[in-house]
Amino acid sequence: QVQLVESGGGLVQAGGSLRLSCAARGNIFEIDDMAWYRQAPGKQRELVAAISSGGSTNYADSVKGRCTISRDNARNTMSLQIHSLKPEDTAVYYCHAYAVTRVPEVRHAYYWGQGTQVTVSS
């Protein structure tokens, strides 16, 4: 019932910046927490940043000070600004959200986006 679509990934030189976006589509009643995860080749998926419906944020130590997560509740979108990119930031970044839908019936569920590739070159 809900689709999360990421965009904004690409190839960037170390020290550069990127802005990733996630758009939630579907018959959505409300979205609670949203988050960005990333997964590098051969590694487990890890939390990068999270933001509650009220705007409270949480960042992984590896990106703290270099990232800013934000959301627009009216548009059901979320963004992640990443600055001072490092080669170790290279990964597929995934949008994650907990959403409530009411058609055809009430449903609470977690959703994942398809991911967007971020590659940081030295």
Side-chain angles (χ1 to χ4, degrees):
Q1 289 186 291
V2 177
Q3 289 184 317
L4 303 178
V5 182
E6 303 97 333
S7 61
L11 176 63
V12 184
Q13 289 187 327
S17 301
L18 278 177
R19 181 183 176 87
L20 306 181
S21 296
C22 173
R25 302 171 182 175
N27 199 345
I28 303 167
F29 176 71
E30 68 176 22
I31 299 177
D32 194 5
D33 292 351
M34 299 186 78
W36 285 98
Y37 284 77
R38 69 184 180 187
Q39 187 167 24
K43 297 183 178 180
Q44 294 190 145
R45 190 170 300 184
E46 64 176 356
L47 176 68
V48 178
I51 184 167
S52 71
S53 60
S56 297
T57 59
N58 185 38
Y59 299 92
D61 289 339
S62 60
V63 301
K64 195 171 299 181
R66 300 189 295 118
C67 292
T68 300
I69 187 171
S70 61
R71 64 189 289 172
D72 185 336
N73 292 332
R75 295 181 178 275
N76 287 331
T77 59
M78 175 180 65
S79 296
L80 181 70
Q81 290 267 35
I82 313 175
H83 305 286
S84 301
L85 284 161
K86 306 173 182 179
E88 45 265 47
D89 291 322
T90 295
V92 176
Y93 285 70
Y94 297 91
C95 179
H96 184 64
Y98 183 76
V100 180
T101 55
R102 290 179 175 268
V103 179
E105 60 186 7
V106 176
R107 182 183 180 187
H108 299 70
Y110 286 99
Y111 298 88
W112 288 99
Q114 81 289 347
T116 183
Q117 177 71 50
V118 172
T119 303
V120 184
S121 62
S122 301

Inset, instruction - State whether the side chain of Thr77 and the backbone N or O of Ala23 hold a donor-acceptor pair below 3.5 Å, judged by distance alone. - result: no
Legend entry - Side-chain (Glu6) to main-chain (Cys95) donor-acceptor, under 3.5 angstrom: yes
Inset, instruction - Identify, with sequence neighbours excluded, every residue that meets side-chain contact (heavy atoms from CB on, under 4.5 Å) alongside Asp33. - result: Ser52
Legend entry - Any pair counted as ring-ring contact (aromatic ring centres under 6.0 Å, His included), so long as it reaches residues 27-78, sequence neighbours left out: Tyr37-His96, Tyr37-Trp112
Inset, instruction - Search all heavy atoms of Arg19 against all heavy atoms of Ser79 and return the closest pair with its distance. - result: NH2-OG, 3.2 Å
Legend entry - Residues which pass side-chain contact (heavy atoms from CB on, under 4.5 Å) with Glu30, listed by chain and number, not counting sequence neighbours: Val100
Inset, instruction - Could you state whether Tyr93 and Leu18 fall into the same hydrophobic cluster, counting links through intermediate Ile, Leu, Val, Met, Phe, Trp or Tyr residues with side-chain heavy atoms under 4.5 angstrom apart? - result: yes
Legend entry - Single-linkage hydrophobic cluster, 4.5 Å side-chain cutoff, Ile31 and Ile69 together: yes
Legend entry - Taking every non-hydrogen atom, the tightest pair across Ala49 and Leu80: CB-CD1, 4.1 Å
Inset, instruction - Please check if atom NZ in Lys64 has more than 12 non-hydrogen atoms from other residues, nucleotides or ligands closer than 6.0 Å. - result: yes
Legend entry - Least distance between heavy atoms, Gln117 atom then Thr90 atom: NE2-CG2, 4.0 Å
Inset, instruction - May I ask you to decide whether Lys86 forms a salt bridge with Asp89, counting only side-chain N to carboxylate O separations under 4.0 Å? - result: no
